[in-house]
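Just so we're on the same page: letters track the sequence lines, and every chain starts at 1. If you're wondering where the values come from, they're calculated on a predicted model, not measured in any experiment.
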Protein chains: 4
Amino acid sequence: MSEPRKQRANGIESRRRILDAAAEIAAERGYEGTGIAAVSARCGLPASSIYWHFKDKDDLITAVIERSFETWLTAMELPGEQGDSPRERVVRMAAAVARSLVGTPDFLRLGLMLALERRPEEPRGRTVFLQIRSVARGKVAEIAAALLPELDDASIALLATYAVAAADGLFVAHQTEGDEIDLVRLFELHAHLVFDAAEHLAHSRNGSP
Amino acid sequence: MSEPRKQRANGIESRRRILDAAAEIAAERGYEGTGIAAVSARCGLPASSIYWHFKDKDDLITAVIERSFETWLTAMELPGEQGDSPRERVVRMAAAVARSLVGTPDFLRLGLMLALERRPEEPRGRTVFLQIRSVARGKVAEIAAALLPELDDASIALLATYAVAAADGLFVAHQTEGDEIDLVRLFELHAHLVFDAAEHLAHSRNGSP
Amino acid sequence: MSEPRKQRANGIESRRRILDAAAEIAAERGYEGTGIAAVSARCGLPASSIYWHFKDKDDLITAVIERSFETWLTAMELPGEQGDSPRERVVRMAAAVARSLVGTPDFLRLGLMLALERRPEEPRGRTVFLQIRSVARGKVAEIAAALLPELDDASIALLATYAVAAADGLFVAHQTEGDEIDLVRLFELHAHLVFDAAEHLAHSRNGSP
Amino acid sequence: MSEPRKQRANGIESRRRILDAAAEIAAERGYEGTGIAAVSARCGLPASSIYWHFKDKDDLITAVIERSFETWLTAMELPGEQGDSPRERVVRMAAAVARSLVGTPDFLRLGLMLALERRPEEPRGRTVFLQIRSVARGKVAEIAAALLPELDDASIALLATYAVAAADGLFVAHQTEGDEIDLVRLFELHAHLVFDAAEHLAHSRNGSP
DNA sequence: AATGAATGAGGATTCATTCAT
DNA sequence: AATGAATGAATCCTCATTCAT
């Protein structure tokens, strides 16, 4: 009555099923909370099969983060650069990002959890997430520099750091508060504020903060 | 006359030692990562003694969060309300908060970790943290309402949500990036931005975002 | 119907029971063959209780070896030094040792197994056994030096090494061949041979081997 | 034309590689310590390929012992029977054996480990080793009988047992102590002692030990 | 107020082996 | 001749918790 033995073994399919199961569980319960037994139960493969596909738990979680990030990247399409004002373009980009985050991408939820931990032997997933994060900050800085060429490097760095960090915070709020929070509206507000600040910094060359 | 000193059972002292140990470990490794055995090893008391002071692990973690929050509250003194402009007052408050966060209060780090998880049986520590968080948002809304009386309730709620959420994000960034990040400067920038937005919202009574 | 819970917990007794069980199994199957589950089953305590008494498997095996050695040492009483010839004294000592080895002391069987292995991370039990072994060689050298004062150090070292090594071999043979092998007789022969060699070396000061 | 070289399946080569890997690992860690996965990793072939060449783990280990023994036998050439005294001949043979043992043949190290164990289901490798051992004892008895025809059967058996057992012990000592131990010198001493004993037994026909 | 000892459930991981291809 | 994938049982060990003292 129980399936005899999976015929026509298909490694790729299995790997996907394991990742799916692990992603769901890890997004709910974090690194330590993700038991191999639970993943095994949810994907239908025995625990030992998971170890055929992934070296260990760390490897599995890292793969979850990487795959989730790639999926998210290809899914999120930034709006075309139609001929509207820089401010409008930034706001539309922020809204697009916000919309892509409403689906709660695993890499971001899991990554932030890992980022907050400081265990002696850092999980590889954390390292990977922090790299992703740093690439993102770089991208934001690029965009800022392109839109407001008169900004100096220090100001750009400051703005990029602020923009990305605050975005994380908004995501966390959406995470905890649920849909009472209008993520798109908050991201648009966020974009306006950062743009204001950028203009401020650009025009007052020798001013305060 | 026999034992060197501090041999007669001292419950308060023991409780403090346990909380100290648990706080350190929980800040490093999160809820699941905090093993009773590890706490026992770090504080020097046997595991069974921990259960004399705390009902269970959940109770212990909750106590850690509560104590850390109280410590943080009493340590952080908001600057006096001298007669300077509202904007200056807000910026000075933000800087004071930033300074208090540089020490990485456990309740915030741990609380954010817990907040990001979504396990079926919610740890009490998470509930407590979310309450703290909501009180904080209320406080921010109060201040905003006092400083800019002409703001309507919806705008105040939006601003308070944004202000607190972005602050969380800045804290996380400081957490992951370390001291390369100037938390005080970022909080001051943050205060300026929020204040700008508030003024904007106050003057354009009937506009969109 | 199953015992409610061991009342009047008695750590020392439990420790002894665990060691007894581990000694039996380890003597049969060696280091890797000694499963904690098997020890648990034989001693009646759950596996987790074994870890209360011993840090890990290595610690347990080491304790087995140490205890077995101590037991053996106190059990084996060397014969009094009545006024007979040196040769007779040596032979009587060898016979006493042989008799004590017929009971197959665990430390020796287990120790030799461990000694033959060369795993990268050496089990502590192996180190302990080799120390015991080296102390034994020292004792033999002492006795030889006392009985035949004219022997030089190099000869004494050679003889002691030979005496102990061959004794190991005889023990192994007894182990594998069973009681068809008369261990006492072989040890007496061994003693005679070594004594002959000692006399030889003592009288031919400047000879070959 | 495509693959660089040695791509077309070569069963004999693979079998050799597996045996090499298994021999290394088994000599390090014994029977239980030799995992199929470890062998697979060291020889570069997947675990399932090992099962193509060998029925099961027991079969593999047995093959390791057998091959090692054959290699050792053909490598060790006993010295010619030139016209010197029986004693000199025996000593030269012992030295030759010692020299062949310095390379630590796997069959002997592994065999002795297996011999010391007493597990319910005896590994075939153990049986094979004990047979080898018994053949060796027979050979030694033959030689002794040829050189000293006046010895009775019981004495010959005793001497052969002693000779082989002590040789094992010397090998073990070399194994544990390393090259501080001069195996050739010890084997020469050993040969002298046994020869002395044989003469003794031959001349005192009706005496005790 | 504290603790030594115990306990069952579960942790991650490795085991020898099988089987379809 | 070989192998990628799978599998259930076993591995050592840690978990949070309890209880008698």
Side-chain angles (χ1 to χ4, degrees), chain A residues 4-15 32-40 44-58 60, chain B residues 7-15 32-40 45-58 60, chain C residues 4-15 32-40 44-58 60, chain D residues 7-15 32-40 45-58 60:
Chain A
R5 190 186 251 249
K6 209 64 82 237
Q7 71 220 32
R8 262 274 201 179
N10 182 346
I12 291 183
E13 240 288 288
S14 295
R15 202 186 131 97
E32 304 253 11
T34 302
I36 298 294
V39 175
S40 155
L45 287 140
S48 46
S49 291
I50 297 176
Y51 283 88
W52 169 260
H53 294 276
F54 302 93
K55 185 183 151 297
D56 56 16
K57 187 174 154 173
D58 206 34
L60 172 58
Chain B
Q7 177 57 3
R8 54 181 325 185
N10 182 343
I12 290 183
E13 240 288 286
S14 294
R15 202 186 131 96
E32 303 254 11
T34 302
I36 299 295
V39 175
S40 155
L45 286 105
S48 45
S49 292
I50 296 176
Y51 281 86
W52 196 93
H53 291 277
F54 302 93
K55 184 181 149 296
D56 57 16
K57 182 174 156 172
D58 208 34
L60 172 59
Chain C
R5 190 188 251 248
K6 210 64 81 242
Q7 73 219 31
R8 262 280 200 174
N10 182 347
I12 291 182
E13 241 287 288
S14 296
R15 204 186 130 97
E32 304 253 11
T34 302
I36 298 294
V39 175
S40 155
L45 286 141
S48 46
S49 291
I50 296 177
Y51 284 89
W52 169 260
H53 294 277
F54 302 93
K55 187 182 150 297
D56 56 17
K57 187 174 151 171
D58 206 34
L60 172 59
Chain D
Q7 178 58 7
R8 55 181 325 183
N10 183 343
I12 290 184
E13 240 288 285
S14 294
R15 203 186 130 97
E32 304 252 12
T34 302
I36 298 294
V39 175
S40 154
L45 285 103
S48 45
S49 292
I50 296 177
Y51 281 86
W52 197 93
H53 290 276
F54 302 93
K55 186 181 149 294
D56 58 15
K57 182 174 157 174
D58 208 33
L60 171 59

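No donor-acceptor contact under 3.5 Å links the side chain of C:W52 to the base of E:dA5.
A distance-only check finds no donor-acceptor pair linking the side chain of C:K55 to the backbone of C:L60 [under 3.5 Å]. Remark: the backbone N or O of D:G35 is not paired with any side-chain donor or acceptor of D:K57 at under 3.5 angstrom.
In this structure, the side chains of C:L45 and C:W52 stay at 4.5 Å or more apart for every pair of heavy atoms.
Here the nucleotide nearest the side chain of D:P46, chosen from F:dG4, E:dA6, F:dT7, is F:dG4. Side-chain proximity of A:S48 to E:dC15, F:dA6, E:dG8: nearest is E:dC15. Here the nucleotide nearest the side chain of D:H53, chosen from E:dA6, F:dA2, F:dT17, is F:dA2. Side-chain atoms of D:I36 lie closest to E:dA16 of the nucleotides E:dA16, E:dT3, E:dA6.
Contact annotation: D:S14 reaches the phosphate of F:dA2 (side-chain N/O to OP1 or OP2, under 4.0 Å).
Where A:Y51 and D:E32 meet DNA chain E, the nucleotide closest to each residue was compared, and A:Y51 sits on the side nearer the 5' end. Toward the 5' end of DNA chain E, the nearer of the two residues A:A47 and B:L45, judged by each one's closest nucleotide, is B:L45.
Between D:S40 and D:A47, the shortest heavy-atom distance links the atoms OG-N, 3.6 Å.
Remark: P of F:dA2 and CD1 of D:I12 are 10 Å apart, rounded to the nearest angstrom. At whole-Å resolution of the value, NZ in B:K57 and C1' in E:dA9 are 15 Å apart. Separating the CG atom of C:L60 from the C1' atom of F:dC13 is a distance of 13 Å, rounded to the nearest angstrom. Rounded to whole Å, atom P of E:dG11 lies 22 Å from atom CG of C:D56. Remark: P of F:dA6 and CG of A:N10 are 8 Å apart, rounded to the nearest angstrom. Taking atom CZ on A:R15 and atom P on F:dG4, their separation rounds to 16 Å, with Å as the unit.
Separation of atoms CZ (A:F54) and OG (A:S49) is listed at 12.0 Å; rounding is to 0.5 Å.
Using N1 to N3 plus N6-O4 or O6-N4 for Watson-Crick, or N1-O2 and O6-N3 for G-U wobble, each under 3.5 Å, E:dG10 pairs with F:dC13. When both pairing distances are held under 3.5 Å, F:dG4 makes a Watson-Crick or G-U pair with E:dC19.
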